[in-house]
Chemist: 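Following this message is one structure expressed as structure tokens.
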2 protein chains.
Amino acid sequence: MNLRYDEVVRSGIAKQVAENIRSAIMDGRLKIDERLPTEDDLARSFGISRPTVREALKRLAAQNLIHSRRGPQGGNFVKRPDPEGLSKAITGAATLLVGIGAFDIDEIVTARLETEKICCRMACENRQEDGLQAMAAEIVVQQDASISDEEFCASDVRFHRALVDSSGNGPLKLMMYTVIEAFIPITNMIVFRVRERRQVVAFHTQIIDAVRARDTDAATAALTSLLSYVRTSYSAALDARAKRDNT
Amino acid sequence: MNLRYDEVVRSGIAKQVAENIRSAIMDGRLKIDERLPTEDDLARSFGISRPTVREALKRLAAQNLIHSRRGPQGGNFVKRPDPEGLSKAITGAATLLVGIGAFDIDEIVTARLETEKICCRMACENRQEDGLQAMAAEIVVQQDASISDEEFCASDVRFHRALVDSSGNGPLKLMMYTVIEAFIPITNMIVFRVRERRQVVAFHTQIIDAVRARDTDAATAALTSLLSYVRTSYSAALDARAKRDNT
DNA sequence: ATTTAAATATAGGTTTGACAAATATAGGAT
DNA sequence: ATCCTATATTTGTCAAACCTATATTTAAAT
């Protein structure tokens, strides 16, 4: 461990200290699960006050880099990274970008289709039993007419998450967080009113059947049809909304 | 604006307040560029102390959701989202995940190849003059034998960023941040020692020529060859490193 | 000797109060 | 009209104290 105590200049101190510690984590000078010096020690070593140290630590905590524990064996510890830790950041940024109209739905659906097709192809090659079971379970959920729209949307997300997981590629999964956690929920929020559940389930069934049969062409064709349906449903939902707004 | 002041229970307060404000931003109750109440007002309204408010605000600042300014018209303001704001989070998480061996290089190269091929195809369809110029400029940089390895790697990243930008798809660009900001730099750090610059430049030239000619097959073939070269260079670099470690 | 309860120490969490620094604005001087 | 200075506002940092969660040690009970 080697924090660079002498590099901190006396303005915007909390941010600098956070960056300093962050660098130590990124460079491997601070290891996963390693305990940072106590708040008092950090304050002494950096020559600053403890509340300022705390502000710096809160920055790191918000970036999922550290977590704290109380007690004599407590302290602040470098957090083991997990892709889920990124999920909120990605979802939040995507949500805001959509909110300010930075992306339009066509772009979103295009990006989703192209990247999810990759996952489809890999899922066919892998044909993982776990993934097939997870997808099949969601299809069962979706066929239950009594579930709410919210639950149907959640199951839709879980189906696609299982499909992406079946690619078996960790880096690709990381990239697909944007799709699974942001783009699909955001789109679902608009289309849930007008789409037919049976139609969606039919596409999901086609996808899973194709994956079982390792038929990449059928899988990607089914996905393409599904997303084309999403596209037209989105337009229909916007039309319906415009009609509602005019009455 | 409608912060939920009464929802905060008296433990882990700073985190709760941050989540509360974050929700307001995500739900659109707080708009882009909108000014939050002053720290004193927030403290009063939540019934907590000002340093605790500050800890909460530092969490939000670390998530690129707000930024602060001093003075009579100062305060904390909701930040306009920008994909670059995500860059550090993505790079950091990917770096750590690679560091703990969660991803191996084959997976990384595979994910990169499949997704970057999509960008290639779109770039050919679009054939944007701006993008071509940016890529061509980087090729010129890369042909200069006097630049350092570091500069060559940086130019390599910029070339691929220009290629990805030429896809013209914002959501896809957002997803490709992981590749551009994390996977390529991480891989470059290992292979820079063994790869031939001329070979890389040749592949880059093939890619740009194909994009100019709107030849998607040639573009994706050139990219595939480039990444195959990265793969073998990576193996060679690991071998060379193993040899160095044994002497 | 073993188990349970209480006391103690440690480290993070929060509060109170004060001062410093950056910045915009208003008023006065030229 | 322009420039300079004083003032007000808001964030940034500090000092000192107290609170709370948690692990460990000590003392008491069985």
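Chain letters run A, B, ... following the sequence lines, proteins first, then strands; residues in each count from 1.
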Chemist: How many Å lie between CG on B:Asp40 and P on C:dA18, as a whole number?
Modeler: 13 Å
Chemist: How about NZ on A:Lys15, more than 12 heavy atoms from neighbouring residues, nucleotides or ligands closer than 6.0 Å, or not?
Modeler: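 At most 12 heavy atoms, drawn from other residues, nucleotides or ligands, come within 6.0 Å of this atom.
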Chemist: How close or far is atom C1' of D:dA16 from atom CZ of A:Arg54, stated in whole angstroms?
Modeler: 15 Å
Chemist: Kindly point out which of C:dT14, D:dT13, D:dG12 is positioned nearest to the side chain of A:Ile13?
Modeler: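 When the side chain of A:Ile13 is considered, D:dT13 is the closest of C:dT14, D:dT13, D:dG12.
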Chemist: Taking A:Asp27 for the side chain and A:Arg29 for the main chain, is one N or O donor matched with an acceptor at less than 3.5 Å?
Modeler: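 No, because the side chain of A:Asp27 does not come within donor-acceptor range (under 3.5 Å) of the backbone of A:Arg29.
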Chemist: Using heavy atoms to find the nearest nucleotide of DNA chain D for A:Val53 and B:Leu57 separately, return the residue whose nucleotide is more 5′.
Modeler: B:Leu57
Chemist: If you count heavy atoms of other groups shown closer than 6.0 angstrom to CD of B:Glu150, is the number above 12?
Modeler: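 12 or below, so no.
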Chemist: Just by distance, do the side chain of A:Arg50 and the backbone of A:Arg44 share a donor-acceptor pair under 3.5 Å?
Modeler: no
Chemist: Can you tell me how far C1' of D:dG12 sits from NE2 of B:His67, to the nearest Å?
Modeler: 17 Å
Chemist: Mind listing the N/O atom pairs, protein and nucleotides 3-10 of chain D, below 3.5 Å?
Modeler:
{"from": "D:dT9", "atom 1": "O2", "to": "B:Pro72", "atom 2": "N", "distance (Å)": "3.2"}
{"from": "D:dT10", "atom 1": "O4'", "to": "B:Gly71", "atom 2": "O", "distance (Å)": "3.0"}
{"from": "D:dT10", "atom 1": "O2", "to": "B:Gly71", "atom 2": "N", "distance (Å)": "3.4"}

Chemist: Got a donor-acceptor contact below 3.5 angstrom from the A:Glu55 side chain to the A:Thr52 backbone?
Modeler: no
Chemist: Measure from CD on A:Glu55 to P on D:dT13 and round the result to the nearest Å.
Modeler: 6 Å
Chemist: Would you say A:Val53 and A:Pro51 make side-chain contact, with heavy atoms under 4.5 Å?
Modeler: no
Chemist: Does B:Thr52 make a side-chain N or O approach to OP1 or OP2 of C:dT15 shorter than 4.0 Å?
Modeler: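 Affirmative; the distance criterion is met.
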Chemist: Describe the nucleic acid contact of A:Lys58 in one word from base, sugar-phosphate, nothing, applying a heavy-atom distance below 4.0 Å.
Modeler: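 Touches sugar-phosphate only.
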Chemist: In this structure, how many angstroms lie between the P atom of D:dT13 and the CZ atom of A:Arg44, rounded?
Modeler: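 Checked: the CZ to P distance equals 20 Å.
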Chemist: Once you round it to whole Å, what is the distance between C1' of C:dG13 and CD1 of B:Ile48?
Modeler: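 It is 12 Å, rounded to the nearest whole Å.
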Chemist: Starting from P on C:dT16, measure out to CZ on A:Arg50 and report it in whole angstrom.
Modeler: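 Going from CZ in A:Arg50 over to P in C:dT16 covers 16 Å.
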Chemist: Can you tell me the distance, in whole Å, between the CZ atom of A:Phe46 and the P atom of D:dT13?
Modeler: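 These atoms are roughly 13 Å apart.
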Chemist: Applying salt bridge (charged side-chain N to carboxylate O under 4.0 Å, His left out), can you list everything that pairs with A:Arg59, at least two apart in sequence or on another chain?
Modeler: none
